[in-house]
Structure formats: structure tokens, C-alpha cells
Amino acid sequence: MLNIRPRNARGSRPELGRESQGNRPSETHLKQLMTGGARGDAKSYDALLRAVTPLLTSFYGRRLRDGAADVEDLIQETLIALHNRRGSYDQARPFTPWLFAIARHKLIDHFRRSRVHHPIDELSNILRVEGFEDVSNARLDTDRLLDRLPNKQSQAIRHTRLKGLSVAEAAKAMGIGESDVKVSVHRGIKALAGHLSVKAA
Amino acid sequence: MTTAELIEQLSRDARPVPRHTIDLRVGGGMICGAAATLIMVIALVGIRPDVAPASMTTPFWVKAAYAACYGLLGYLLVRQLATPETQVPRGLWIAAVPAGLLMIGAVGEWNSINGAVQNELLVQKSWRAVPIIVALAVPVYAGVAWAFGRLAPTKLWAAGAAAGLASGGIAATLFSLTCQEVSPTYLLTRFTAAIAIVVAAGAIAGPRMLRW
């Protein structure tokens, strides 16, 4: 199965929480700090928030072309949300997925609030939320890009993401199964990102 | 305010977090809501006068158990959807079980009665139980929405639907204290319809009420 990874200077997705890469805190360390904070240890909690901030900076930095101001705002909003809703963290589960689930939720909400009804931005939003490399340098002509994909993939993406149909509705319109639609969208988006990386280079 | 200043402020507020915060908040919210619903039942609808002898009969408990199953399933789904990583909660299939079992009883009853009684059960007998149960669900739903305020649901329509299931189930359970019907067909149609409506309303309200 083709595993197209996004072009990334660091060679891996930092938010996957693998072993410490230089200064990047590991999952184990973060979880320790979070657990300490949950016990009421202010020092651990402070260290946790400081450790989380650069993770959020890179997470949002790669996904927002608008630049520093928005990223800073989002980071602060996310830290506040993290603080207010830390009761939702289950200590039996890993910390990093919890962290990034919240970050992703805040990002989607940000896009929803600053909604721009422009098909080009729709597509770049989709790619940004999915975590692909900065697309702002590439000139996006939505239709031309989608036409480069196999018919099934471009159709699936048009239906579910640009026309806003549900997976079920798209499946019906295309005469294929629902999981077929999901797989096609997924592969199509990865292929699109691949095309865009080539263009940006 | 800079991020560093914000972090300083937040870490000054580093109160300990109970390990079972989700259970405590959701359970607490539901119990308070249920208490308010019970008051509504006693004061506005009225407990059935024969509640004492009725509580010795099977139908009384079947009604309560049917609704309580959905309340419990709702609670379990709400718990799962309170964490941000949850996309698809587990155990959804359980929703088919109580209705499926009750349907067996209802079909049995249906086949044993004549057309006139069938008509009476479906059409002529009151459906007022449905709006009453929906109204009774409101305090419990409010309780769950309160609980979500310090939790992190990311699939808001699903969280709202689960909250609807929990509150519809509890409302129907408490409603059964007022209701003297014993027919499985009646129970299946009215109670299930009411719970389904609260689920749908919850799903619609979720993205608006639970946003954070």
C-alpha cells in the first residue's frame, strides 16, 4: 500500500509523540508532568504548559498561513481550553493524542469562525487540517488539481468536501459503497498533497 | 497578555483534578437533573394512585427497566464522547436490544388481539406520553450539558445525541411512575418515540449548546 508521507524538513510528524528528538519532550515525560499537575503539583503543571507550547506552535504554524498573530491567539485559546477541560484526560490513556485532539478541535473551530467561502481556501483548509505542508506558496486551481486525480477520487472529494454531502449521500450519487468513498477521499487528498509538494519545490 | 504570562496565571490555578472527573460530573449532572424531573413528575403529572400495588407487578418493572436501559446506555455513550479523542463510541449496537426484546412482546400481543383493539392501541389511545416525556427530559439534558462544560467533547452532534438518549431514558423511567398502561405495543411506540425525539433534538442542539 502506497504510504505517501508529507514532505517535512524534520522527516516525521512531531505530534506523533515519538522518542525525544533533541528538545522535543517525549510522551512519557509529558504524561508524567500531566499526572503531577492533576495531583495539584503546580511545578509539574507549569512545566507541562511550557513543554506543550512549542508543540502547539509547530502544530498550528504548519497549518495556518496567516502567520504569527493567529497562531499565538490559537495557542493561548488552546492552553486555556486544556486548563479548563483537563478533567477529561484519562490517566490510563496516552497524553499526546488527548492534547492534539483538543488542538485539532480548536483549529477546526477557528476555520469555522473565520469562514471564507472560496473553493480554493476550502481545499487548502482541508489539506491544512489534515496536516500537510504549507500550501500557501502553491497556486491552487482547485478544478485543475482535482482533474489530475483518478476520476473516482476527484469525484469523491468534490462531493464530500466541496459540495458538503455526507459520505452516505456521496456513495449514493457515485453508486459505490461508503467505505469506498472514504478511502477514495483519503487517497485523493494524499495524492493532492504529493502534487502540491512537487509544485512548491 | 503574552503566552508566558498566561501560563503563569494558569499554573497558579493548578488545583488537583479528581481521577474520575468524567463520571463525577456526568453522574452528578444527571442525578440533579433527574431530581428536578422527579419533582416535575410529582407536581405536574402526578404519580399513579395505585403505585404501591402496581410495584408488585411485572409490567411496572418492565416499563421502568426498558427506559432505564436507554438511560444507562446514554450515560455510557456520554462518558466516551466526553473525551476529545473519541470519534465513534463503542456499544452503539446495544440500543437495538431493549427495543428488539420489547418488539417480540409487542408482536405477540398484536397477533392476539383483534383489529378494533389494535386500532385502539395505536391510534385512539393517547400519545400525550410523548411530549410529556420530552419535556421531562429537559432538566436531565441540562445536567449533562453542564457536565460537558468542563469536559472535551469533539463530536458535538454525537455528544448531544448521547445526552438526549440519557435524558430521554431517565425521563421515560420516571414517567413510568405515572403511567398505568401495560400493553407492550403502547410501551414500544410511545416510549421509543419519545426517546428518539429527545435523541434527535439533542443531536441538533449539541453543536450549538456544547461548543467550546
Side-chain angles (χ1 to χ4, degrees), chain A residues 33-54 56-57 60 68-69 71-109 112-113 166 182, chain B residues 1-29 76-90 144-159 162-163 203 206-212:
Chain A
L33 293 176
M34 180 67 172
T35 316
R39 273 196 310 265
D41 177 7
K43 259 194 179 156
S44 295
Y45 191 56
D46 184 82
L48 173 77
L49 294 177
R50 285 180 202 288
V52 153
T53 302
L56 292 178
T57 310
Y60 290 127
V71 171
E72 187 79 8
D73 281 343
L74 255 184
I75 290 176
Q76 293 196 6
E77 269 186 54
T78 306
L79 287 174
I80 293 173
L82 255 162
H83 178 74
N84 286 336
R85 292 162 195 272
R86 63 199 197 279
S88 70
Y89 170 61
D90 179 356
Q91 293 185 20
R93 312 232 290 253
F95 172 76
T96 343
W98 179 85
L99 170 70
F100 286 108
I102 290 185
R104 211 166 281 122
H105 177 82
K106 279 292 173 189
L107 181 66
I108 291 174
D109 213 45
R112 186 190 58 85
R113 273 176 292 152
S166 72
K182 288 186 212 165
Chain B
M1 170 187 304
T2 67
T3 305
E5 286 166 346
L6 174 65
I7 291 181
E8 219 187 312
Q9 205 177 52
L10 294 180
S11 49
R12 260 183 268 135
D13 182 35
R15 274 165 298 152
V17 174
R19 278 199 82 133
H20 300 284
T21 300
I22 298 180
D23 282 313
L24 289 174
R25 278 192 79 94
V26 177
L76 295 174
L77 294 173
V78 163
R79 285 194 86 261
Q80 293 182 58
L81 289 160
T83 59
E85 314 100 300
T86 308
Q87 290 297 308
V88 182
R90 304 171 58 194
V144 179
W146 167 86
F148 276 134
R150 284 283 179 267
L151 301 172
T154 50
K155 236 186 165 125
L156 298 182
W157 68 264
R208 291 155 190 72
M209 281 185 70
L210 306 175
R211 198 177 292 294
W212 51 282

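Being a predicted model, the structure only gives us computed values, none of them experimental. Lettering of chains follows the sequences in order, A, B, ..., and the numbering in each one begins at 1.
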Review point. Most heavy-atom pairs under 4.5 angstrom with chain A, which of B:Val17, B:Thr21, B:Thr83?
Key: B:Val17
Revision key, fill the gap. All heavy atoms of B:Leu10 vs all of A:His83, minimum pair found to be O-CE1, 3.4 Å
Study note, to complete from the structure: Cut-off 4.5 Å, heavy atoms of chain B, and the answer for A:Asp109 is side chain
Check your understanding: Which pairs with one or both residues in residues 76-85 of chain B pass salt bridge (Lys or Arg N to Asp or Glu O under 4.0 Å), sequence neighbours excluded?
Key -> A:Arg93-B:Glu85, B:Asp23-B:Arg79
Point to revise | Short side-chain to backbone donor-acceptor contact, A:Arg85 and B:Gly149, under 3.5 Å | key: yes
Study note, to complete from the structure: Closest non-hydrogen contact found for A:Ala42 with B:Ala14 is CA-CB, 4.0 Å
Check your understanding: So which part of B:Ala152 gets closer than 4.5 Å to some heavy atom of chain A, the side chain, the backbone, both or neither?
Key -> both
Exercise for review: Give, as side chain, backbone, both or neither, the part of B:Arg25 having an atom under 4.5 angstrom from any heavy atom of chain A.
Suggested key: neither
Practice item. Go through the atoms of B:Ile7 and report whether side chain, backbone, both or neither lie under 4.5 Å from a heavy atom of chain A. Key: both
Revision key, fill the gap. Pair count under 4.5 Å, heavy atoms only, with chain B: among A:Ala101, A:Gly37, A:Ala81, A:Ser88, highest is A:Ser88
Exercise for review: Please list all pairs passing the salt bridge (Lys or Arg N to Asp or Glu O under 4.0 Å) test where one or both residues lie in residues 5-17 of chain B, with sequence neighbours left out.
Suggested key: B:Asp13-B:Arg15
Review point. Who wins among A:Ile80, A:Ile75, A:Ile108, A:Leu48 for the most heavy-atom pairs under 4.5 Å with chain B?
Key: A:Ile80
Review point. If we only count heavy atoms from C-beta on, is the A:Asp90 to B:Ile22 side-chain gap below 4.5 Å?
Key: no
Practice item. Check each atom of A:Lys43 against the heavy atoms of chain B and say whether the ones under 4.5 Å are side chain, backbone, both or neither. Key: neither
Check your understanding: Do other residues, nucleotides or ligands put more than 12 heavy atoms under 6.0 Å from the CH2 atom of B:Trp157?
Key -> no
Study note, to complete from the structure: With B:Thr3 as partner, the option from A:Asp73, A:Thr57, A:Leu79 fulfilling side-chain contact (heavy atoms from CB on, under 4.5 Å) is A:Leu79
Check your understanding: How many angstroms lie between atom CG of B:Leu156 and atom NE2 of A:His105, to the nearest 0.5 angstrom?
Key -> 5.5 Å
